[in-house]
Amino acid sequence: MRAEQILIIRFSAIGDVAMAVPVVYSLAKQYPDLRVTFMSKAFARPLFENLAPNVGFMEADLKEEYHGIRGLNALYRRLTSKNFTAIADFHDVLRSKYLRARFNIDRYKVAHINKHRKSRSRLVAVDDKQLVQLPTSFHNYAEVLAELGYPVKVEFKSFFPEGKGDLSKLPVSFVPRKSEDECWIGVAPFAAHQGKIYPPRLMEKVIVGLIKRYPECKIYLFGGGEKEIKVFDEWCAKYKQLVKASPNLAGLYQELILMSHLDVMISMDSANMHLASLVNTTVVSVWGATHPFAGFMGWNQSLDNAVQLDLPCRPCSIYGDKECIRGNYACMKNIAPDNIINKVIGVIEKKRI
């Protein structure tokens, strides 16, 4: 009898892929005889290659090696040679739909994600908005597996089995030993779209407020884009407590190690919220055009730690990529820095009790 092997497909942005980690981990643990292969872009490899003994990672370069119909056909031929017994499409976009169609024709067991698009449309509607909690991505991913005959109870605590990553694997000159009474705060102030970014001038006020409260703290800045580094350089020149994290670390795995030792992370609705969640770090998340009700809150994060304004136009976008209908992004600009500062203080002080 052929051994059971499942292929899971999710090509998307790192935040969406990171949300698959607790589900894939739970699947692997609850079905130890099942071979799980997660297929995505190269950036996702550190999240899966050491996740569990029966989980493997497969890279698919859709821009070069597997570009276009000819490339997808080549990818399909490669996949069929691996004798998968089930195909889970966690993405449901044109490329994954094409592969799914090929697998269906050849009578593979195939299932795909339900993105609840109608409910999402009602959530972001201008008129007759229905502000209700939608199923989370974790639920939607697990639903695909259940359809294939692998129901899972999603149970996950941290990417690192021992709870925290090994700081000795980071550059010694960059990360010193953390003392018991020292406070480490992460700040990831940027996102892919303007509707999900708290204005840098206001985030600087948050940083100043936290430094006043915790003068001996270290604040690690996450983000590696050119514009981000420019802002970080300006901040670091003013405040000795700030350290640029991403530019000084060798990739995603090292960032996860550092995140696991933070007392709290401040993040937008972005990848860093999800990455910090994977290492069991509390996140104070800041929401503007988007909303936690769309189902993209980080794993095991509390809505109590979400900072957001109650505006009739919110949310206006599922992914934050739409232009502001008011033209001023009030959903972000009107958030007082003290709202974020107080949430962070609450998290830190609770840990110190």
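No hydrogens, no waters, no symmetry mates; every other heavy atom, side chains included, goes into these values.
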Looking at Glu64, I'd like to know if its CD atom is crowded, meaning that more than 12 non-hydrogen atoms belonging to other residues, nucleotides or ligands lie closer than 6.0 Å. no
Gln30 backbone acceptor or donor facing Tyr150 side chain under 3.5 Å: no
Where Leu145 and Ala88 come nearest, the two heavy atoms and their spacing: CD2-CB, 4.3 Å
Strictly by modelled atom types, are Asp321 and Ser317 linked by a side-chain donor-acceptor pair under 3.5 Å? yes
Starting from the C-alpha separation in whole Å, work towards a yes-or-no answer on side chain to side chain donor-acceptor pair (under 3.5 Å) for Arg78 and Tyr66. CA-CA 11 Å; Arg78 179 184 172 193; Tyr66 299 118; 2.9 Å; yes
Side chain Glu65, main chain Asp61, donor-acceptor under 3.5 Å: no
With no hydrogens and no angle check, is any side-chain donor or acceptor of His291 less than 3.5 Å from a backbone partner on Phe293? yes
Tell me, with the steps shown, if Ser246 and Glu255 meet side-chain contact (heavy atoms from CB on, under 4.5 Å). CA-CA 7 Å; Ser246 301; Glu255 289 193 27; 3.3 Å; yes
Does atom CZ of Arg95 have more than 12 heavy-atom neighbours from other groups under 6.0 Å away? no
Taking it one step at a time, do Glu4 and Arg35 satisfy salt bridge (charged side-chain N to carboxylate O under 4.0 Å, His left out)? CA-CA 6 Å; Glu4 294 186 5; Arg35 181 64 189 171; over 6 Å; no
Shortest non-hydrogen contact between Leu311 and Ala330, atoms and distance: CD1-C, 4.1 Å
Applying salt bridge (charged side-chain N to carboxylate O under 4.0 Å, His left out) to Glu59 and Arg45, what does each step give before you reach the verdict? CA-CA 8 Å; Glu59 177 183 336; Arg45 182 177 295 278; 3.7 Å; yes
Mind checking the CD1-CG spacing from Ile9 to Asp89? Nearest 0.5 Å is all I need. 5.5 Å
Straight-line distance of Ser26 OG to Tyr31 OH, nearest 0.5 Å: 11.0 Å
Does the side chain of Leu75 come within less than 4.5 Å of Met58's, by heavy atoms? yes
Among Ile348, Val243, Leu258, find the one that has a side chain to side chain contact (heavy atoms under 4.5 Å, CB included) with Trp184. Leu258
Least distance between heavy atoms, Gly320 atom then His193 atom: O-CB, 2.9 Å
Return the set of residues passing ring pair (Phe, Tyr, Trp, His ring centres under 6.0 Å) with Phe48 (not counting sequence neighbours), or none when no residue passes. Phe38
Give the C-alpha distance, both sets of side-chain angles, the deciding distance and a yes or no for side-chain contact (heavy atoms from CB on, under 4.5 Å) between Phe159 and Tyr253. CA-CA 10 Å; Phe159 180 79; Tyr253 185 76; 3.8 Å; yes
Is the backbone of Ala44 close enough, under 3.5 Å, to the side chain of Ser40 for a donor and an acceptor to pair up by distance? no
Return yes if some donor-acceptor pair links the side-chain N/O of Gln301 with the main-chain N/O of Thr281 below 3.5 Å, else return no. yes
Validation row: Leu134, Ser119 side chains within 4.5 angstrom (heavy atoms): yes
Polar contact flag, side-chain donor to acceptor under 3.5 angstrom, Asn73-Tyr98: yes
Glu155 and Lys29: salt bridge (charged side-chain N to carboxylate O under 4.0 Å, His left out), yes or no, with the steps? CA-CA 9 Å; Glu155 297 177 316; Lys29 289 295 184 181; over 6 Å; no
Write down the atom of Arg120, the atom of Lys115, and the distance for their closest heavy-atom approach. NE-O, 3.0 Å
So how far is it from Leu210 CG to Ile340 CD1, rounded to the nearest 0.5 Å? 9.0 Å
Does Asp310 have more than 12 heavy atoms from other residues, nucleotides or ligands lying within 6.0 Å of its CG? no
Kindly write out the residues that satisfy side-chain contact (heavy atoms from CB on, under 4.5 Å) with Lys343, not counting sequence neighbours, or none if the list is empty. Val284, Val307
Rounded at 0.5 Å granularity, tell me how far CD1 in Ile211 sits from CZ in Arg213. 14.5 Å
Check side-chain contact (heavy atoms from CB on, under 4.5 Å) between Gln130 and all other residues, then give those that pass, not counting sequence neighbours. Arg122, Asp128
Test Asp263 against every option in Lys350, Lys164, Lys351, Lys178 by the salt bridge (charged side-chain N to carboxylate O under 4.0 Å, His left out) rule and name the one that passes. Lys178
At their closest point, which heavy atom of Asp269 faces which heavy atom of Phe296, and how far apart are they? OD1-O, 4.3 Å
Are Val279 and Ile219 connected in a single hydrophobic cluster, I mean Ile/Leu/Val/Met/Phe/Trp/Tyr linked by side-chain heavy atoms less than 4.5 Å apart? no
Would you please indicate yes or no on a ring centroid separation below 6.0 angstrom for Phe103 and Tyr76? yes
Any side-chain heavy atom of Arg10 sitting closer than 4.5 Å to one from Asp16? yes
Glu323 CD: over 12 foreign heavy atoms closer than 6.0 Å: no
Any side-chain heavy-atom pair from Ile185 and Ile207 closer than 4.5 angstrom? no
Would you confirm whether Asn300, through its side chain, and Leu278, through its main-chain N or O, come within 3.5 Å as a donor-acceptor pair? no
Polar side-chain atom of Asn342 near backbone of Asp338 as donor-acceptor pair, under 3.5 Å: yes
Output the distance between atom CG (Asn104) and atom CD1 (Ile87), rounded to the nearest 0.5 Å. 9.5 Å
Do Ser270 and Asn272 have side-chain N/O donor and acceptor atoms under 3.5 Å apart? no
Can you give me the closest heavy-atom contact between Phe222 and Phe232, atom names plus distance? O-CZ, 3.6 Å
Greater than 12 external heavy atoms within 6.0 Å of Lys97's NZ: yes
Determine whether a donor-acceptor pair (N or O, by modelled atom type, separation under 3.5 Å) exists between the side chain of Thr37 and the backbone of Phe57. no
Backbone N/O of Tyr108 and side chain of Asp106: donor-acceptor pair under 3.5 Å: no
Lys244/Asp233 salt bridge by N-O under 4.0 Å criterion: yes
State whether the side chain of Trp299 and the backbone N or O of Ala276 hold a donor-acceptor pair below 3.5 Å, judged by distance alone. no
For Arg352, I'd like to know if atom CZ has over 12 heavy atoms of other residues, nucleotides or ligands within 6.0 Å. yes
Validation row: Val154, His139 side chains within 4.5 angstrom (heavy atoms): no
Crowding at CD, Glu349 (>12 non-hydrogen neighbours, <6.0 Å): yes
